[in-house]
Amino acid sequence: MDRRRGETRQVRLRVNGQDHVLTVGGPAADVAVTHTLAHTLRETLGLTGTKVSCDRGACGSCTVLVGGEAKLSCSMLTVECDGLDITTVEGLADPVTGALDPLQQSFIDHTAFQCGYCTPGILMSAKALLLKNPRPTQADVQEALSGNFCRCITHYHVLEAVQAAVEAGAASATAPDSRRARR
Amino acid sequence: MSDEYRYIGKPTPRRDAPQIVTGSATFFGDLVVPGMLHAKVLRSPHPHALVTEIDVARARGLSGVKAVLTHADVPDWRAGTPRHLRVLDSTVRYVGDPVALVAATSEAVAEEALGLIDVSYELLPAVFDLDEALAEGAVQLYADSPGNVLRPGTRWFGPDCLTGLAIGDVEAGFAEAEVIVEGEASYAGLPNPLPPESPGVVAQWEEPDRVTLWLSTQAAHQEKMIIHAAFGRAVDVRTIGGACGGSYGSKFMSIQLIMQATALSRAARRPVRLGLTKEEHLAAFGLRIGSRVRAKVGLRRDGALTAISGEWLVDTGHYSLTTQAQVAVGCGEAQVALRCPNWDLRTKVVCTNRPASGIVRGFGGQELKACLLPILSRALAELDLDPFDFLRRNYVKPGDGYFWRDGRWYDYRGNDYTPAMDAGAEAFGWRERWKGWLRPTEVDGPLRTGVGVGVHGNVDIGESVSEAYVRLDPEGRATLYSSASEHGTGQPSNLLKMVAEVLQLPLERVTLTAADTAVTPYDMGPVGSRGTYAMGSAAIKAAEEARRQLLTLAAANLDAPPEELETRDGRVFRLGRADSGAAWMAIMGPERTIMGHGRFEPDFTLANCMMTFVEVRVDTETGGTELLRVVNATDAGRIIDPAGLENQLNGCLGSAGIDTALFEETIIDRTTGRVLNANLIDYKWRTFAHLPQMRNVVLETPVDSHRFHAIGVGEVSTAPGPAAVLMAVSNALGVPLAEYPVTPEKVLAAWKRAMDAQAGEATR
């Protein structure tokens with residue numbers, strides 16, 4: 001990224017597999033230097049699935065995946081994200097078939113939400129954990145989600161949902177051809 | 001368990017589940033109204049002051065600013081009880097009180113404009129608690145509320161609104177008592193309900209007198225009623241609700257934001273969005289009421305209460321929206337949980353120079369009970385009575401009654417909750433874990449374990465009015481028109497289950513309109529556990545009425561009287577002849593809809609019940625309290641939605657429940673009046689890393705409510721927990737505590753008192 005003052009420069013983001021080239025500075029700027037990644041995702045790219053609650057890095061609502069890691073998008077400036085690969089809750093489902101991620105389906109099956117506002121952040125924190133550790137213990141899940149504020153107290157159903165997704169994932173991993181075999 | 005039903009009691013996915021897990025659910029913050037401006041509020045840095053001068057010229061001149069308002073140029077709209085709350089006032093009464101409003105093309109411009117407004121203040125003395133506010137010669141927050149005491153009662157509940165309890169003859173009652181105890185307890189940590197999505201509103205004014213409001217609320221129609229009154233009944237109000245990102249009751253406190261956004265929209269002639277930041281939400285929005293109770297209780301050896309007298313002081317902060325209503329409901333709920341023939345309970349609602357208190361799950365009864373139980377506990381301890389036996393004995397039973405919020409007596413005709421309480425005690429192992437008053441269950445060096453129990457019940461399950469429409473379309477589909485929107489309980493989805501059950505339609509063929517007062521009928525909304533019975537009744541009646549019309553129409557086609565017809569999966573046929581009959585399309589023709597209207601009238605003769613058992617472990621070296629186990633016990637009549645019910649009961653922690661006894665509090669600096677923990681790091685909340693074992697015991701004893709024999713229990717899950725926690729910590733330490741929350745400082749101070757007393761006894 002060109003850092004010269006007062007000139008138009010560009011930030012390249014890959015979001016949910018799609019490339020975006022955003023202009024910083026100048027009269028037609030997409031991004032101001034003060035914009036957080038959360039702001040850009042929501043307001044500039046229209047990806048409002050990412051929720052902002054505290055906007056100060058304390059509640060986990062705005063969690064997205066950056067290079068596969070859970071990050072608080074309210075606490076990153078967009079101009080610092082040049083070249084990064086970002087996944088939001090809108091990117092969890094299969095982009096072609098629309099099939100839900102097993103975590104999403106498990107959240108539906110376990111009613112792992114009440115008001116639902118913190119759910120995207122919780123899903124992304126859980127997804128980041130499973131990418132790193134496909135067989136976490138309940139304690140691992142609790143630790144990974146400990147930065148996510150859930151006010152309705154849906155914690156118990158979330159833990160069940162994540163564990164069920166883990167077990168389903170483990171089952172399909174040990175029997176990769178099971179679906180085909182049943183046909 | 002409910003094989004007779006197709007959907008009731010069966011696990012079904014929540015209707016909005018796909019949207020929630022894919023991020024496509026539209027919450028208030030996702031809403032964009034074309035041409036919308038963004039508003040910001042300039043707030044007072046002083047807890048009490050006169051605004052002597054405001055210069056907004058520079059702010060008005062900033063490019064992008066479309067309106068700037070001060071107290072001098074806003075309409076005289078007023079809300080509150082009494083109507084103290086204005087759009088903006090020339091007196092500010094707490095740190096954070098709005099002084100000026102800006103609407104601009106972006107939040108950044110509006111924020112910048114705030115910095116260009118110059119305000120001069122004449123400072124006034126401030127009162128920060130009950131004692132200061134009630135002291136002789138204290139500064140007055142409002143000229144028409146002498147002594148800082150607000151007029152008791154609310155017109156909403158009628159001319160005889162409960163403002164206290166004067167029942168029987170307390171002197172005679174105390175004469176019969178075998179033990180009399182006097183004491184004081186306070187539940188005044190001012191926890192913030194703190195829904196994850198901060199409060200907000202979009203207002204669109206249309207000349208000359210119409211406003212459309214997009215609200216972050218679960219009860220669009222109730223809001224319309226409140227707002228219409230605030231506007232002096234001179235504005236045509238349309239409210240639109242939607243998924244509100246949590247409320248716990250608190251979003252009703254948005255009334256001033258609503259007035260402000262409306263005034264800005266009128267001035268700017270554009271839609272205006274006013275949303276609070278989380279800091280504003282924590283420092284300038286609704287908190288739980290502060291309660292202090294001094295009471296004298298009389299008790300007999302058999303566990304019968306003979307008399308309760310005392311005073312309940314309620315600190316409501318800078319104004320009241322519903323605090324008097326909470327007092328009325330609290331006084332009613334006290335009688336539900338504590339059968340006592342003689343009461344003399346007086347109350348006062350007091351104003352102080354801090355953010356306002358108001359609606360939170362618990363709505364008065366939780367606060368009163370949380371204070372009465374620690375006082376009662378001392379009487380129980382003197383007689384060595386088990387609190388479980390006492391609460392079980394004294395909970396309302398069929399044949400009893402109570403004075404409810406409107407001051408009238410109601411005979412209770414609901415379930416006897418004794419079996420549910422017994423099942424809870426069994427699940428918890430109460431008999432084994434209870435070791436007597438002020439005795440720990442276990443001691444392991446500095447770690448001391450204790451148990452406690454609390455109970456709560458609410459007659460609000462049948463409060464106020466609900467209406468609904470159900471429309472049948474010839475394609476074999478139905479639409480429910482309801483003013484409820486989703487706030488986390490799943491009630492909109494449950495109403496769809498009820499309608500589908502009545503009409504015997506596939507669940508996916510029944511849909512719900514958005515809550516919009518231009519379309520949907522009156523409903524007080526899902527508050528106070530009323531969703532299942534009150535709202536459910538309206539939806540059921542609307543569906544039944546639509547079905548009746550359909551069958552009447554079909555009677556001619558099918559050559560049979562309506563009572564010999566039934567409908568299933570979009571067809572009508574003779575009873576038991578599912579293979580014959582005709583599709584709705586054939587009966588209705590393509591150019592007809594059928595509309596059924598259902599209305600629920602208030603019913604104060606049923607109550608729900610929640611008993612909560614807790615076990616805590618207190619560390620006498622650090623003062624930390626760990627919640628180990630929770631068992632909730634209730635009887636729901638009939639479970640509609642197993643997963644949603646479980647979620648609601650787990651809500652006994654957190655926003656409004658047990659954690660208000662453990663660590664949640666709003667800390668206000670005693671000299672400046674500032675909230676010191678207005679962020680989500682300093683304001684403590686329960687994380688995934690600290691979860692107690694949780695078990696919910698739910699019985700299903702059919703109750704005479706509506707055709708599915710169910711009642712709601714969601715709201716009350718929070719209410720018994722705080723008193724149970726205080727009891728458990730007291731027992732663990734061997735020291736009676738009477739103040740919430742039990743922070744490490746309080747635990748360590750109590751432990752030191754106990755150690756000092758022991759040492760004193762040893763040297764004597």
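All chains are named by letter (A, B, ...) in the order of the sequence lines, taking the proteins before the strands, and each is independently numbered beginning at 1. Quick caveat: nothing in here was measured; it's all calculated off a predicted structure.
- Only the backbone of B/P193 comes within less than 4.5 Å of a heavy atom of chain A; no side-chain atom from C-beta onward does.
- Here the closest heavy-atom approach between residue A/C59 and residue B/W685 is recorded as CA-CZ2, 4.4 Å.
- When heavy atoms are compared at a cutoff of 4.5 Å, B/A25 approaches chain A solely by way of its backbone atoms N, CA, C and O.
- Shown here for A/I153 and B/G654, the closest heavy-atom pair between the two residues is CD1-CA, 3.8 Å.
- Side-chain atoms of B/T687 and A/N148, non-hydrogen and from C-beta on, never get closer than 4.5 Å to each other.
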Practice problem: Decide yes or no on side chain to side chain contact (heavy atoms under 4.5 Å, CB included) for A/Y156 and B/L653, but give the supporting numbers first. | Solution: CA-CA 11 Å; A/Y156 295 91; B/L653 307 174; 3.8 Å; yes
Quiz item: Checking side chain to side chain contact (heavy atoms under 4.5 Å, CB included) for the pair A/L100/B/T22: CA distance, chi angles, key distance, verdict?
Solution: CA-CA 8 Å; A/L100 295 179; B/T22 56; 3.6 Å; yes
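- Taking the six-membered ring for Trp and thresholds of 30 and 60 degrees, B/F688 and A/H155 have ring planes inclined between 30 and 60 degrees apart.
- For a residue to count as touching a neighbouring chain, one of its non-hydrogen atoms must lie under 4.5 Å from one of that chain's; by this rule A/L103 does not touch chain B.
- Taking each heavy atom of A/S53 and B/P196 in turn, the nearest pair found is OG-O, 2.6 Å.
- Side-chain contact between A/F149 and B/L194 is present, with heavy atoms from C-beta onward closer than 4.5 Å.
- A pairwise comparison of heavy atoms in A/C54 and B/L680 identifies CB-CD1, 3.5 Å as the closest pair.
- Around CD of B/Q19, the count of heavy atoms belonging to other residues, nucleotides or ligands within 6.0 Å exceeds 12.
- Heavy-atom distances place the side chain of A/T119, and not its backbone, under 4.5 Å from chain B.
- Interface remark: B/P692 contributes backbone and side-chain atoms alike to the contact with chain A (heavy atom separation under 4.5 Å).
- Only the side chain of A/L123 comes within less than 4.5 Å of a heavy atom in chain B; its backbone stays farther off.
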Exercise. Test B/N647 against A/H157 for side chain to side chain contact (heavy atoms under 4.5 Å, CB included), laying out the working first.
Key: CA-CA 7 Å; B/N647 267 328; A/H157 285 208; 3.2 Å; yes
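- Looking only at heavy-atom pairs under 4.5 Å with chain A, the residue among B/Q648, B/E279, B/R686 that has the most is B/Q648.
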Quiz item: Going through the distances and angles, do B/N679 and A/R56 end up as a side chain to side chain contact (heavy atoms under 4.5 Å, CB included)?
Solution: CA-CA 8 Å; B/N679 63 74; A/R56 294 292 184 273; 6.0 Å; no
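- At most 12 heavy atoms of other shown residues, nucleotides or ligands fall within 6.0 angstrom of atom NZ in A/K71.
- For chain A, the option among B/A643, B/S247, B/C652 with the highest count of heavy-atom pairs below 4.5 Å is B/A643.
- In this structure the side chain of A/R42 reaches within 4.5 angstrom of the side chain of B/D30, judged on heavy atoms.
- Taking 4.5 Å as the limit, some side-chain heavy atom of B/Y248 sits within range of a side-chain heavy atom of A/R151.
- Across all non-hydrogen atoms, the minimal contact from B/I20 to A/C115 is CD1-O, 4.4 Å.
- A donor-acceptor pair under 3.5 Å is formed between the side chain of A/Q104 and the backbone N or O of B/V21.
- Closest of all the heavy-atom pairs between A/V89 and B/G23 is CG1-CA, 3.7 Å.
- Of the atoms belonging to B/Y683, it is side-chain heavy atoms, and not backbone ones, that fall under 4.5 Å from chain A.
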